[in-house]
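Written below as structure tokens is the structure these notes are about.
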2 protein chains.
Amino acid sequence: MLSHKAKYALKALLYLAEQDENHISKTIEIAEGANIPKKFLEQILLDLKRGRFVSSKQGKFGGYYLIKSKNDITLAEIHRLFDGAIALLPCASLNFYERCLDCKTEEECSLRHGLMIIRDETLKAMHNITIASLITK
Amino acid sequence: MLSHKAKYALKALLYLAEQDENHISKTIEIAEGANIPKKFLEQILLDLKRGRFVSSKQGKFGGYYLIKSKNDITLAEIHRLFDGAIALLPCASLNFYERCLDCKTEEECSLRHGLMIIRDETLKAMHNITIASLITK
DNA sequence: ATAAAATCTATCAATATAGTAGAGTTTTGA
DNA sequence: TCAAAACTCTACTATATTGATAGATTTTAT
């Protein structure tokens with residue numbers, strides 16, 4: 001399941017993608033427009049900024065705006081940024097690999113192979129879900 | 001990610017599936033064979049019993065054994081039993097549906113459609129991973 | 001009866017989640 | 001230059017979940 005953070009992040013990105021080009025959105029606008037607790041959203045937007053999905057302008061008339069095309073922001077990326085690995089176990093993960101400590105046979109645990117198949121399928125599907133695809137549903 | 005419970009459940013089922021027909025396995029055997037904390041495994045086996053994947057015999061010479069074909073036990077089922085919904089949000093779930101409370105438009109949240117696509121893909125893949133398929137990897 | 005095994009219920013520590021609070025910094029325009 | 005508006009940063013908190021452990025109870029075979 002997605003965390004609330006990841007869900008809110010997607011909704012915030014969706015909100016930003018629906019604004020006019022060059023429009024800059026204040027946190028409070030996004031919060032109200034997408035129904036997200038404002039103070040929580042502040043943290044999420046900072047995370048999205050660190051992830052280089054959005055950028056911001058401080059001070060009066062400041063706010064947030066997309067710096068990545070809505071066609072290039074995928075569910076996979078947002079999942080990884082907020083919820084980590086897409087694979088079902090760390091030993092089957094591409095980006096968050098860790099050895100299973102409870103596996104006797106060092107490299108290959110009995111589940112790893114099957115879970116890598118799932119990972120590849122899920123990843124492929126998650127890569128196709130972009131912010132743009134969510135708008136034009 | 002899978003919980004330890006779900007992971008241990010899969011490993012326990014794998015262990016049981018690898019035993020001779022009619023063999024009955026004591027918890028301690030499974031625990032040592034699959035490297036799972038014994039007391040924790042006890043709970044997991046009871047869950048698997050309630051889920052009708054295994055059955056048990058009490059008393060001396062008792063233990064656990066599969067009552068479902070290893071070809072019919074899928075990752076999807078084990079995920080649902082121990083970790084719940086396969087979908088990324090409750091509003092996109094088949095078996096654990098709940099409305100998104102933060103969605104303004106009652107029935108359709110902006111993410112639902114995309115997440116249902118992911119769910120279908122993941123589910124299809126998870127359905128193909130069976131205990132049998134994990135053995136003959 | 002006794003030993004071996006499953007079963008049941010309770011408890012616990014550590015961690016993650018979902019937020020809230022408030023002070024600090026930057027920018028703008030009057 | 002000053003104040004308001006906005007982002008930024010750090011800390012805190014309540015609650016739930018996870019990953020176990022402990023111990024008493026019940027069942028069965030010999």
Side-chain angles (χ1 to χ4, degrees), chain A residues 1-12 16 23-32 34-51 53-67 79 81-85 88-90 96 98 100-102, chain B residues 1-12 16 23-32 34-51 53-67 79 81-85 88-90 96 98 100-102:
Chain A
M1 295 283 249
L2 287 183
S3 65
H4 281 211
K5 257 192 175 175
K7 178 178 68 169
Y8 291 155
L10 289 168
K11 291 177 124 186
L16 290 177
H23 179 71
I24 196 163
S25 305
K26 286 183 287 184
T27 305
I28 187 73
E29 284 173 28
I30 308 172
E32 289 171 358
N35 215 28
I36 303 168
K38 192 207 167 217
K39 287 300 266 178
F40 199 21
L41 177 60
E42 287 179 8
Q43 294 176 32
I44 293 165
L45 288 168
L46 287 173
D47 287 336
L48 285 172
K49 186 181 176 182
R50 288 184 201 107
F53 294 96
V54 303
S55 190
S56 65
K57 196 161 165 300
Q58 281 197 124
K60 207 170 182 176
F61 303 120
Y64 288 92
Y65 51 96
L66 282 186
I67 54 169
H79 189 286
L81 183 59
F82 291 95
D83 294 349
L88 289 173
L89 286 183
F96 297 83
E98 269 179 75
C100 287
L101 296 176
D102 59 311
Chain B
M1 295 282 249
L2 289 182
S3 65
H4 281 210
K5 258 191 174 174
K7 178 178 68 170
Y8 291 156
L10 289 168
K11 291 177 123 184
L16 291 176
H23 179 73
I24 196 163
S25 305
K26 287 182 287 184
T27 304
I28 187 71
E29 284 173 28
I30 307 172
E32 287 170 0
N35 215 27
I36 303 168
K38 193 208 168 215
K39 288 300 266 180
F40 198 21
L41 177 60
E42 286 180 8
Q43 294 177 31
I44 293 165
L45 288 168
L46 287 173
D47 288 335
L48 286 171
K49 186 181 177 183
R50 289 185 201 108
F53 294 96
V54 303
S55 190
S56 65
K57 197 160 165 299
Q58 280 195 127
K60 206 169 183 177
F61 304 119
Y64 288 92
Y65 50 95
L66 281 186
I67 54 170
H79 190 286
L81 183 59
F82 291 95
D83 294 348
L88 290 172
L89 286 184
F96 297 83
E98 270 179 74
C100 286
L101 296 176
D102 59 312

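Protein chains get the first letters and strands the later ones, always in sequence-line order, with residue 1 at the start of each. We use all heavy atoms of the structure for the numbers below, so side chains are in, but hydrogens, waters and symmetry mates are not.
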From the candidates D:dA20, C:dG29, C:dT7, the one with an atom nearest any side-chain atom of B:His4 is D:dA20

Looking only at C:dC8, C:dG19, C:dG22, the nucleotide nearest the A:Lys39 side chain is C:dG22

Walking DNA chain D from its 5' end, the first of A:Gly62 and A:Gln43 to be reached, judged by nearest nucleotide, is A:Gly62

Does [X] reach a base, just sugar-phosphate, or nothing at all? Heavy atoms under 4.0 Å.
X: A:Lys26; result: sugar-phosphate
X: A:Phe40; result: base
X: B:Lys38; result: nothing
X: A:Tyr8; result: sugar-phosphate

Can you find a side chain N or O atom of [X] that sits less than 4.0 Å from OP1 or OP2 on [N]?
X: A:Ser56; N: D:dT8; value: yes
X: B:Arg50; N: C:dC8; value: yes
X: A:Tyr64; N: D:dT8; value: yes
X: B:Lys49; N: C:dA6; value: no
X: B:Lys5; N: D:dT17; value: no

Please round to the nearest 0.5 Å and tell me the distance separating atom [atom1] of [X] and atom [atom2] of [Y].
X: B:Leu16; Y: B:Leu66; atom1: CG; atom2: CG; value: 5.0 Å
X: A:Phe40; Y: A:Lys5; atom1: CZ; atom2: NZ; value: 5.5 Å
X: A:Tyr64; Y: A:Glu42; atom1: OH; atom2: CD; value: 7.0 Å
X: B:Arg50; Y: B:Leu81; atom1: CZ; atom2: CG; value: 9.5 Å
X: A:Phe82; Y: A:Ile44; atom1: CZ; atom2: CD1; value: 6.0 Å

Between [X] ([atom1]) and [N] ([atom2]), how many Å, whole number?
X: B:Glu42; N: D:dG23; atom1: CD; atom2: P; result: 13 Å
X: B:Leu89; N: C:dT17; atom1: CG; atom2: P; result: 15 Å
X: A:Phe61; N: D:dA3; atom1: CZ; atom2: P; result: 18 Å
X: A:Asp47; N: D:dC7; atom1: CG; atom2: P; result: 15 Å
X: B:Leu46; N: D:dA20; atom1: CG; atom2: P; result: 17 Å
X: A:Asp83; N: C:dT17; atom1: CG; atom2: P; result: 7 Å
X: A:Ile44; N: D:dT8; atom1: CD1; atom2: P; result: 14 Å
X: A:Phe82; N: C:dA16; atom1: CZ; atom2: P; result: 17 Å

Comparing nearest nucleotides in DNA chain C, the 5'-proximal residue of the pair A:Gln58, B:Gly59 is B:Gly59

Of B:Leu45 and A:Lys60, the one whose closest nucleotide on DNA chain C sits nearer the 5' end is B:Leu45

On a heavy-atom basis, the closest approach of B:Leu89 and A:Met1 is N-SD, 4.0 Å

